[in-house]
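I have placed the structure first, in the form of structure tokens, so that the comments after it can refer back to it.
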Amino acid sequence: MEKYDFHKIEEKWSEHWEKEHYGQAEDFSRKAKHYHLVEFPYPSGAGLHVGHCMGYGASDAYCRMKRMQGYNVMYPIGWDAFGLPTENYALRTGIHPTVATAQNIAIFKRQIKQLGYAFDWSREINTTDPDYYRWTQWIFLQFYKHSYKGDSPNSGTVPGSRSKERSPLIKVADDDATTPRLAYQKEMPINWCPACKIGLANEEVISGACERCGAQAEKRMQKQWLLRITAYADRLIRDLDTVDYLDKIKTQQINWIGRSEGARVHFMLKAEGRKLADELEVFTTRVDTLFGATFMVIAPEHPLIQNIRYQISNIKEVEGYIDRASRKSDLERTELAKEKTGIEILGIKAVNPINDAEIPVFIADYVLPNYGTGAVMAVPAHDERDWEFAQKYHLPIKTVVVPASRKQKNQNEELNQAYIDYGVLVNSGPFDSLTSGEAKKKIAERLKSIGAGDFAVNYKLRDWIFSRQHYWGEPIPIIHCKKCGIVPVPEDQLPLRLPDIEKYEPTETGKSPLAKVTDWVNTICPRCDGPAKRETDTMPNWAGSSWYYLRYCDPNFNPHPDPLPNREREPKGNIKDDLFETPSPLRGEGGGEGQVLASRDKLDYWLPVDIYDGGMEHTTLHLLYSRFWHKFLYDLDQVPTAEPYAKRIAHGIILGPDGQKMSKSRGNVINPDEMIKKFGADTLRAYIMFIGPYDQESAWSMAGIQGVFRFMNRVWHNSNKVTGGQSPKGDSPQVLVKLHQTIAGATDDLTNFRLNTVVSKLMEFNNLLEKQAAISAESFGLFLRLLFPIAPHLAAELWEQTQTQKDISAQPWPQVDQELLAEQKITIVIQVDGKYRDGIQTSPDISEEEMKQAALSSQKARVSLGTKRIRRIVVVPKKLINIVT
RNA sequence: GGGUCGGUGGCGGAACCGGUAUACGCGCAGCACUUAAAAUGCUGUACCGAAAGGUUUGUGGGUUCGAGUCCCACCCGACCUACCA
């Protein structure tokens, strides 16, 4: 027999599948649908990474099985192509990002096809395609044009929403400047990377450093666009109950959102005995300790200072402190956490609303500006950080809660089951002797009745900073007019295209490179026809990936098939017609008629995504963002489901051979192309599945891939043993039983993404085959069908060589012959006092009595029993006997 | 500090409902083929022991006829997160 020439085989079959459009899904097929999503790649110049191969290969195997099981499988792919590396590349080389992207995509495509991943290429999408980002921009405009009912994140009123209910959105008029919009602009301190010259989302700052380049991030005030994700915080937590995600993913999302229940408290401010107009509002989860508040602390960024600066007698020192704090990076601010610093704001006092005590106000950077209200009531007796601060500055410490005795606890247990009891209150006036759980409720109620506070819910999650000062992103479709203010680009003018530019450097002022393209920036206000300027910020990477799975369902959908002349390049002014202004199809206003992103029929057919595979690193960013967009689109009635993904799984990362994360600088990067060259695509696919448990990280091993390569060769040579036309009756029972055990085991494992054991089970069968002189074509064919998802080229080739039926991909998935398995002899384990002594082969219909007899007559068991008295015999039918002495 | 997941041979890892621990692969040793090597094939391979037999799933305890698996305490590691009021 000839050598296993994997190059020849793989080339032959990948051409075959391309020609046959294997992998193409059918809309509205009567077969059951399976929508299988993998995170689409960023097409970098480095080409496919073995990590991509893990996700795509496993999912490809799963989808091949599903197709053979009769499902209409959609397994699409696209390109998440906006982003910094391409822009940086353009900066270095002058090659336009569009050109670089096209080149990179070509590399990825070649690799993907070589590896035999059967994507549905008819649905390929690209986030940088104006026909795609047109709708990304459209979604942004809807955020801008809508308000969420009761959306203040700190209001404490939680919009009641069950998973299936849409929450009402309010359409906000263009000239309405007061209603809070879901997309809004705000001057705020942002994380700024001095090296990349880009504003960073909080999530992109990793322990004080820029996620991309590692430089220390700084703080900087800048007007930013934000999306009000906090309005959806509760639903994002609650609806996790309705989806099947790995538990750790759910936990991470819940922790990230960080919901905590407590109370808001208003402290009146006094200067020279007179009440000031400003109040100090704090959020606390421990309102039961309100009597123990001995001072207040506000963050250096707190706006109060500016408002009351004339009342502050030591304003110079205070401003000096603020200045020093602003120059610290987040990292410095947290690393120096051991030693707390601060300064008292002299000249003012805060008044505790519960007991009218006047207490000093400090400014200190251990209080974070972005959490709660940026101010805390300090209770040094019951908070470690406040205690440290009080120690350092010799501030009073007043104990107001003491541990409850067990007896008291028991007495109150029934009353307070819903609360965590820290103890009972002392030194708290009328609230003394209440448990802290009760006191939380009573004190908050009291505050509410005197207008000095209320129950409140607070989130760690902050609104999503949506502005980037870069070129290679979706332009934010907004126009700034001196007269009219913020004016959205009319929807019929979308897409708002990126203009071609010469220089990609961000400006020194921190504005996007677009700011220098004066032809483009200067435009005409769509409302008043006066001169106006375009927004020059672009959207973050996460924008295009927040809805791409919708577009796969209907990649060419266009709600307005007759395109208007593209007017955005040469605005002629006076574009007022609303004809093509897409109606916001709010509930009850037209059902599915206003569909924009994809046709409703197709979304109804395909959604939700049945399985979504990706990396763990995306659980708190991409996954949360896209759930947020989806819920918003659901509220707009653009999508039929409240959640986008029914099930989320995640694969582990592949480490280099040295056990370290792969990186160019370490020189431990494994290049898929080299592996294909050396071992072939099938071996690479199978090895990556075999490397370890799917959801854990595993280190690459050259010896390991060698072993899998040997397996492929053995399978190849074992096809010699196929005897034409022979029925499986000629195969030994041992082979048949093993074959059907393999069918059962491999199916179960593949269904549950236990890919390493799928491969090992196929190896086991092949090892048995190795010892046989011959095997029937039919049995070997069953084995090949199991192999097909793992090593499709090899399986298809051997199928063609050994079988009469045509194409392996058209064959049904093997069924287990239960009778065959049932007829087999079983092994009964005989134990004495729980220890294995003997095993006997017997038929499966053995009775318990017969089992006992067999056990007692076992030579080995009797030796082990000796003269001991038998106390009991435990019988597990058809499995085991334990003789207890 | 909080959260999550882990700890099984020389190594990567199997063991699904508590029922023969160490499947599969690597490595290693011996043999065959070869002038030789590579490749390939065969045999062996948790530990102690010549054998009979005994011991073994991070440590200590518990439940059970029986524990890698369940419960309690502790030790170690990885990842995420972190002055979150």
Side-chain angles (χ1 to χ4, degrees), chain A residues 3 206-207 246-252 254-256 258-260 262 282-287 289 293 297 299 330 333-338 340 364-368 370-379 382-386 388-389 458-462 616-617 619-620 652-653 659 687 690-693 695-708 710-711 713-714 717 745 748-749 752 754 756-767 770-771 827-839 863-864 871-876 879-885:
Chain A
K3 221 183 118 197
I206 308 299
S207 53
L246 288 174
D247 278 348
K248 61 176 169 181
I249 296 177
K250 286 190 183 182
T251 316
Q252 268 189 35
I254 289 166
N255 290 346
W256 191 261
R259 183 180 201 274
S260 54
V282 301
F283 172 78
T284 179
T285 54
R286 292 296 306 274
V287 74
T289 63
V297 189
D330 272 355
R333 225 166 124 163
T334 52
E335 261 196 350
L336 301 172
K338 290 154 209 155
K340 301 230 177 326
D365 65 7
Y366 80 89
V367 172
L368 305 172
N370 301 322
Y371 185 75
T373 63
V376 300
M377 60 177 216
V379 185
H382 305 288
D383 182 282
E384 208 183 316
R385 296 151 301 177
D386 298 341
E388 275 176 48
F389 195 81
N458 195 57
Y459 302 93
K460 273 202 275 191
L461 183 73
R462 283 162 241 161
M616 267 314 281
E617 68 274 23
T619 13
T620 47
I653 52 171
Y687 172 61
F690 188 62
I691 194 167
D695 56 354
Q696 277 172 40
E697 59 180 38
S698 315
W700 187 271
S701 152
M702 280 320 268
I705 193 171
Q706 278 281 357
V708 173
R710 278 178 210 144
F711 166 61
N713 276 283
R714 285 180 196 147
H717 290 295
D748 190 44
D749 285 353
N752 293 296
R754 290 190 298 259
N756 51 339
T757 52
V758 175
V759 178
S760 71
K761 278 172 180 136
L762 295 179
M763 285 171 166
E764 279 186 61
F765 180 77
N766 192 55
N767 288 348
E770 198 86 8
K771 296 188 174 76
T827 305
I828 303 282
V829 170
I830 298 169
Q831 295 181 333
V832 175
D833 289 330
K835 285 202 172 132
Y836 175 83
R837 294 297 168 193
D838 202 2
V863 167
S864 170
R871 264 208 283 165
R872 202 174 137 190
I873 298 179
V874 179
V875 181
V876 182
K879 254 192 174 162
L880 172 142
I881 288 229
N882 188 9
I883 304 168
V884 186
T885 62

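Proteins get letters first, then strands, A, B, ... in listed order; numbering begins at 1 in each.
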(Q) Is it the case that the side chains of Thr885(A) and Arg871(A) hold a donor-acceptor pair, with the cut-off being a distance below 3.5 Å and no angle test? (A) no
Q: Round to a whole Å and report the spacing from CG of Asp383(A) to P of G2(B).
A: 15 Å
Q.
With a cut-off of less than 4.0 Å, is there a side-chain N or O of Arg286(A) near OP1 or OP2 of A85(B)?
A. no
Q.
Using a heavy-atom cut-off of 4.0 Å across all strands, would you classify Ser701(A) as base, sugar-phosphate, or nothing?
A. nothing
(Q) Please give the distance between the P atoms of G7(B) and U69(B) as a whole number of Å. (A) 11 Å
(Q) Quick check for you: to the nearest 0.5 Å, what is the distance between Asn458(A) atom CG and Phe283(A) atom CZ? (A) 4.5 Å
Q.
Would you say that Met616(A) contacts Ile249(A) through its side chain, given a criterion of any heavy-atom pair below 4.5 Å between the two side chains?
A. yes
**Q.** Ile254(A) CD1 - G3(B) P separation (whole Å)
**A.** 14 Å
(Q) Suppose you measure atom C1' in A85(B) against the same atom in C75(B); what distance do you get, rounded to whole Å? (A) 34 Å
Q | G-U wobble or Watson-Crick pairing nucleotide for G49(B) (cut-off 3.5 Å, both distances) | A | none
Q) If you check the Met763(A) side chain, which of A85(B), C24(B), G3(B) turns out closest? A) C24(B)
Q: Classify the nucleic acid contact of Asn767(A) as base, sugar-phosphate or nothing, counting any heavy atom under 4.0 Å across all strands shown.
A: sugar-phosphate
**Q.** Under the side-chain contact (heavy atoms from CB on, under 4.5 Å) test, residues paired with Asn882(A) that sit two or more places apart
**A.** Gln831(A), Val874(A), Leu880(A), Val884(A)
Q.
Counting the atoms with a prime plus P, OP1 and OP2 as sugar-phosphate, which does Lys248(A) contact under 4.0 Å by heavy atoms, base, sugar-phosphate, or nothing?
A. sugar-phosphate
(Q) What's the separation between atom CD in Glu764(A) and atom OG1 in Thr757(A), rounded to the nearest 0.5 Å? (A) 10.0 Å
Q. Taking a pair as Watson-Crick or G-U wobble with both distances under 3.5 Å, which nucleotide is matched to A29(B)?
A. U43(B)
Q. Can any side-chain N or O of Asn766(A) pair as donor or acceptor with the backbone N or O of Leu762(A) at less than 3.5 Å?
A. no
Q | Distance, rounded to the nearest Å, where Phe389(A) contributes CZ and A85(B) contributes C1' | A | 14 Å
**Q.** Interatomic distance, Asp695(A) atom CG to Leu246(A) atom CG [nearest 0.5 angstrom]
**A.** 6.5 Å
Atom pairs under 3.5 Å: protein N/O with N/O of nucleotides 28-32 of chain B:
none

Q.
Roughly how many Å apart are A67(B) and G60(B), using the P atom of each and rounding to a whole number?
A. 15 Å
Q. Tell me: CD1 of Ile653(A) to P of A78(B), nearest whole Å?
A. 14 Å
Q. How far does the P atom of G68(B) sit from the matching atom of C33(B), given to the nearest Å?
A. 46 Å
Q: State the pairing partner of A23(B); accept Watson-Crick or G-U wobble contacts with both distances under 3.5 Å, and report none otherwise.
A: none
**Q.** Upstream residue (5' side of RNA chain B) when Asp247(A) and Glu764(A) are each assigned their closest nucleotide
**A.** Asp247(A)
Q. Would you call C70(B) syn or anti, using the 90° rule around 0?
A. anti
Q: Return the nucleotide paired to A78(B): Watson-Crick means purine N1 to pyrimidine N3 with N6-O4 or O6-N4, wobble means G-U with N1-O2 and O6-N3, both under 3.5 Å.
A: U4(B)
(Q) Can you check the distance between A82(B) and U8(B), where both ends of the measurement are the P atom (answer in whole Å)? (A) 30 Å
Q: Under the side chain to side chain donor-acceptor pair (under 3.5 Å) rule, collect the residues that match up with Asn767(A), sequence neighbours excluded.
A: none
Q. To the nearest Å, how far apart are Glu617(A) CD and U81(B) P?
A. 11 Å
**Q.** Which nucleotide in C80(B), C24(B), A85(B) has an atom nearest any side-chain atom of Gln252(A)
**A.** C80(B)
Q: Using atom types as modelled and distance alone, determine if a side-chain donor or acceptor of Asp383(A) lies under 3.5 Å from a backbone N or O of Asp386(A).
A: yes
Q. With a distance cut-off below 6.0 Å to the six-membered ring centre and an angular limit of 45° from the axis, does Lys340(A) pair with Tyr366(A) as a cation-pi contact?
A. yes
Q: Write down the distance separating the P atoms in C42(B) and G6(B), rounded off to the nearest Å.
A: 37 Å
Q | Name of the residue among Asp247(A), Thr620(A), Thr619(A) meeting side-chain hydrogen bond (donor to acceptor under 3.5 Å, both in side chains) with Gln252(A) | A | Thr619(A)
(Q) Protein within reach of the bases, or only the backbone? For nucleotides 40-55 of chain B, mark each nucleotide 5' to 3' as B, S or -, using heavy atoms under 4.0 Å. (A) SSS-----------SS
Q) What one-letter contact string describes nucleotides 8-21 of chain B from 5' to 3', where B marks a base within less than 4.0 Å of any protein heavy atom, S marks contact via sugar-phosphate atoms alone, and - marks no contact? A) ----BSS----BB-
Q: Could you let me know what A38(B) is paired to, Watson-Crick or G-U wobble, both distances under 3.5 Å, or none if it's on its own?
A: none
Q) Are side-chain heavy atoms of Lys460(A) and Tyr371(A) found at a separation under 4.5 Å? A) yes
(Q) When the C1' atoms of G18(B) and G53(B) are compared, how many Å lie between them, rounded to an integer? (A) 27 Å
Q.
Measuring from the side chain of Thr285(A) (C-beta onward, heavy atoms only), which nucleotide among A85(B), C65(B), G3(B) has the closest atom?
A. A85(B)
Q.
For Asp838(A), give me all partners under salt bridge (Lys or Arg N to Asp or Glu O under 4.0 Å), at least two apart in sequence or on another chain.
A. none
Q: With syn defined as a glycosidic angle within 90° of 0 and anti as everything else, classify G9(B).
A: syn
Q. Between G9(B) and A46(B), how far is it from one P atom to the other, in whole Å?
A. 13 Å
Q: Starting at atom NZ of Lys250(A), determine the distance to atom C1' of G3(B), rounded to an integer number of angstrom.
A: 16 Å
(Q) Without decimals, in angstroms, what is the distance between Phe765(A) CZ and C24(B) C1'? (A) 16 Å
Q) What integer distance in Å separates Met616(A):CE from G3(B):C1'? A) 11 Å
Q: Test ring-ring contact (aromatic ring centres under 6.0 Å, His included) on Trp256(A) and Tyr459(A) and set out the steps.
A: CA-CA 9 Å; Trp256(A) 191 261; Tyr459(A) 302 93; over 10 Å; no
